[in-house]
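These notes are about the structure you will find just below.
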Amino acid sequence: MLEADEVFFKENGEPLFSSHMLDLSEEPHEENVGICKTYFEKMAPLGLILEMEIGITGGMEDGVDNSGVAKDKLYSTPEDTQLVWDTLSPISPMFTIAAAFGNVHGVYKAGNVKLQPELLDSFQKNLG
């Protein structure tokens, strides 16, 4: 899709899409950030927005079963978001971080989910 965006941009002076989402959250965090940086360096000159996902989602999503992971893995940390900020913000301000705050997909037992949206607020305040 990014290649199509680049071709369309060359022909029309604007991108075909306004944004792309990369969900590499199952990869090690540093690898996820590094791959997203590579894509974002290509996207920024086109004026595209990048949404990148960090942390993991509990439950089952896209054939990946995270129902048995340690509960602390369901929450992004300030260090996670800081690495993304430090890596991507020098390229362009046109990105969003989809941080994990206890979110789950699929079927799960009632009471097993503890959403912590206040984490998102603290990440934003920490990053300024």
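For clarity, every value in this text was computed on a predicted model and none was experimentally measured. One is the number of the first residue; the rest follow in order along the sequence.
Note that the CE atom of Met94 and the OG atom of Ser89 stand 14.0 Å from one another [nearest 0.5 Å]. Remark: Glu53 CD to Glu27 CD distance equals 13.0 Å, nearest 0.5 Å. We find the CG-CZ distance between Leu119 and Phe101 to be 9.0 Å, quoted to the nearest 0.5 Å.
When the salt bridge (charged side-chain N to carboxylate O under 4.0 Å, His left out) test is applied to Lys42, no partner is found at least two apart in sequence or on another chain. Take Ile97 and apply the side chain to side chain contact (heavy atoms under 4.5 Å, CB included) test, not counting sequence neighbours, and it matches Ile54, Thr81, Val84, Phe95, Ala99, Leu127. The side chain to side chain contact (heavy atoms under 4.5 Å, CB included) test applied to Tyr39 returns Leu2, Leu22, Ile35, Met43, not counting sequence neighbours. With sequence neighbours left out, the side chain to side chain contact (heavy atoms under 4.5 Å, CB included) criterion links Pro93 to no other residue. The salt bridge (charged side-chain N to carboxylate O under 4.0 Å, His left out) check on Glu51 picks up nothing, with sequence neighbours excluded. The side chain to side chain contact (heavy atoms under 4.5 Å, CB included) test applied to Ile91 returns Lys37, Phe40, Glu41, Ala44, Leu88, not counting sequence neighbours. Partners of Lys125 according to the salt bridge (charged side-chain N to carboxylate O under 4.0 Å, His left out) rule, which considers only residues two or more places apart in sequence or in another chain, are Asp121.
Shortest non-hydrogen contact noted between Glu14 and Phe8 is O-CD2, 3.1 Å. For the residue pair Gly55 and Ala100, the shortest heavy atom distance occurs at CA-CB, 4.0 Å. Summarising the geometry of Leu16 relative to Ala4, their closest heavy-atom pair is CD2-CB, 4.4 Å, with the distance given to 0.1 Å.
Within 6.0 Å of CD in Glu31 there are more than 12 heavy atoms belonging to other residues, nucleotides or ligands.
The closest side-chain heavy-atom distance from Ser19 to Leu50 is not below 4.5 Å. Here the side chains of Leu74 and Asn103 are not in contact, with every heavy-atom distance at 4.5 Å or above.
Counting only residues at least two apart or in different chains, salt bridge (Lys or Arg N to Asp or Glu O under 4.0 Å) contacts with residues 75-102 are absent. The ring-ring contact (aromatic ring centres under 6.0 Å, His included) analysis of residues 12-33, with sequence neighbours excluded, yields the pairs Phe17-His20.
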ask   = Between Tyr75 and Lys114, is a side chain to side chain contact (heavy atoms under 4.5 Å, CB included) present by the stated rule, with each step listed?
value = CA-CA 10 Å; Tyr75 305 96; Lys114 180 160 181 0; 3.7 Å; yes

